[in-house]
2 protein chains.
Amino acid sequence: MTPSTETPKLTKNQTLVYKALKSAEEPLSAYSILDQLRDDGFRAPLQVYRALDKLIEFGLIHRLESINSFVACRHPDCGTHEMVAFAICESCNRVIEITDDAMASNLASLARDNGFSVSRSTIELRGLCDACRVH
Amino acid sequence: MTPSTETPKLTKNQTLVYKALKSAEEPLSAYSILDQLRDDGFRAPLQVYRALDKLIEFGLIHRLESINSFVACRHPDCGTHEMVAFAICESCNRVIEITDDAMASNLASLARDNGFSVSRSTIELRGLCDACRVH
DNA sequence: CTCCAAAACGTTATGTTATTACATCCGTTG
DNA sequence: CAACGGATGTAATAACATAACGTTTTGGAG
């Protein structure tokens with residue numbers, strides 16, 4: 001799912017969901033977004049999931065498979081990269097977005113050597129960010 | 001979650017779950033394992049999840065986060081590697097397990113450069129295996 | 001401006017994945 | 001045998017996600 005090159009105007013629901021994610025320090029689950037947006041008229045999970053799907057399509061947010069959560073993209077040019085890795089701190093839950101084209105091509109060619117042609121990747125690292133590692 | 005170096009004797013439930021995964025061509029979800037094992041006396045999800053947890057702990061199976069499923073480890077010495085990547089074919093659903101120590105250390109040091117210390121990784125690639133790519 | 005089609009939306013219901021809580025069983029060890 | 005820890009059985013519930021259906025909004029084409 002390559003993000004669109006252009007970012008269309010967001011709808012009301014999409015804007016609300018995007019703002020919730022942008023202002024969060026940590027990844028949010030769909031249901032926690034739903035809870036946050038009750039006062040804005042959200043009543044059902046599907047309202048959130050639909051907005052999330054679109055935001056992902058636009059390349060504005062990412063889904064973190066390993067924790068069933070979503071983060072706003074902090075990486076301005078992330079649509080221009082093949083692969084993005086996410087480093088998720090197990091202490092503060094903050095996420096660092098990492099792109100590295102050399103790594104991406106290494107990983108793709110490693111896969112090719114193993115008889116596989118990559119179209120999409122999920123790379124999620126768990127551990128501690130420096131701030132948390134110091135205590 | 002580093003796998004134990006020794007593999008203890010498996011219990012009855014663990015054996016049943018492990019066999020189901022070993023004999024499957026594709027990753028299985030916990031609930032599809034449950035369905036397969038009804039005749040063996042399985043009645044509740046927890047029976048499956050408990051066995052899965054132990055098998056993961058022993059390093060005998062892997063969890064695929066991006067598809068909420070589990071596979072038996074086909075990689076004899078996978079406990080000796082820091083990182084394992086999984087290539088999941090979107091056509092036949094089969095999984096190729098890839099380990100590469102150079103890649104692992106590159107990725108770890110890339111993370112370190114970004115202020116992060118990795119303890120555990122999830123790397124799941126989607127695409128097509130050669131067999132399916134040919135049609 | 002009007003009409004149409006596509007997209008977005010609201011709502012209910014349901015499907016799927018995973019865990020909590022609690023009682024019981026079973027083998028090992030002292 | 002008694003005590004303990006690990007494994008088990010069962011019910012209930014929590015958490016995550018989608019199907020189906022009807023209505024509303026939006027943005028062109030004429």
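Numbered from 1 within each chain, the chains take letters A, B, ... in sequence-line order. In this text, all values refer to a predicted model and were calculated from it rather than measured experimentally.
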> Given A:Arg63 and A:Glu65, is the salt bridge (charged side-chain N to carboxylate O under 4.0 Å, His left out) satisfied, shown in steps?
Replying inline: CA-CA 6 Å; A:Arg63 175 187 188 117; A:Glu65 311 273 8; 3.5 Å; yes

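- Protein chain A touches strand DNA chain C; the 5'-most and 3'-most nucleotides with an atom under 4.0 angstrom of its non-hydrogen atoms are C:dA8 to C:dT12.
- Sorted by first and then second residue, the side chain to side chain donor-acceptor pair (under 3.5 Å) pairs involving residues 98-113 of chain B (not counting sequence neighbours) are B:His75-B:Thr99, B:His81-B:Asp101.
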>> salt bridge (charged side-chain N to carboxylate O under 4.0 Å, His left out), that's the test. Do B:Glu26 and B:Arg94 meet it? Break it down for me.
In response: CA-CA 5 Å; B:Glu26 319 175 4; B:Arg94 272 184 264 255; over 6 Å; no

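- Atom NZ of B:Lys12 and atom C1' of D:dA7 are 12 Å apart (whole Å).
- A continuous path of hydrophobic side-chain contacts links A:Met103 to A:Leu125 [ILVMFWY only; heavy atoms under 4.5 Å].
- Rounded to an integer number of Å, the gap from B:Lys54 NZ to D:dG5 P is 14 Å.
- Other residues, nucleotides and ligands contribute over 12 non-hydrogen atoms within 6.0 Å of the CZ atom of A:Arg74.
- B:Val71 and B:Ile33 fall into different hydrophobic clusters, defined by Ile, Leu, Val, Met, Phe, Trp and Tyr side-chain heavy atoms under 4.5 Å apart, directly or through other members.
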>> Does the protein touch nucleotides 16-27 of chain D at the base, only the backbone, or not at all? Give it as B, S and - per nucleotide, heavy atoms under 4.0 Å.
In response: BBBBB-------

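- Residues B:Leu64 and B:Val48 do not share a hydrophobic cluster, defined by chaining ILVMFWY side chains whose heavy atoms lie under 4.5 Å apart.
- Taking the six-membered ring where the residue is Trp, the centroids of B:Phe86 and B:His62 are separated by under 6.0 Å.
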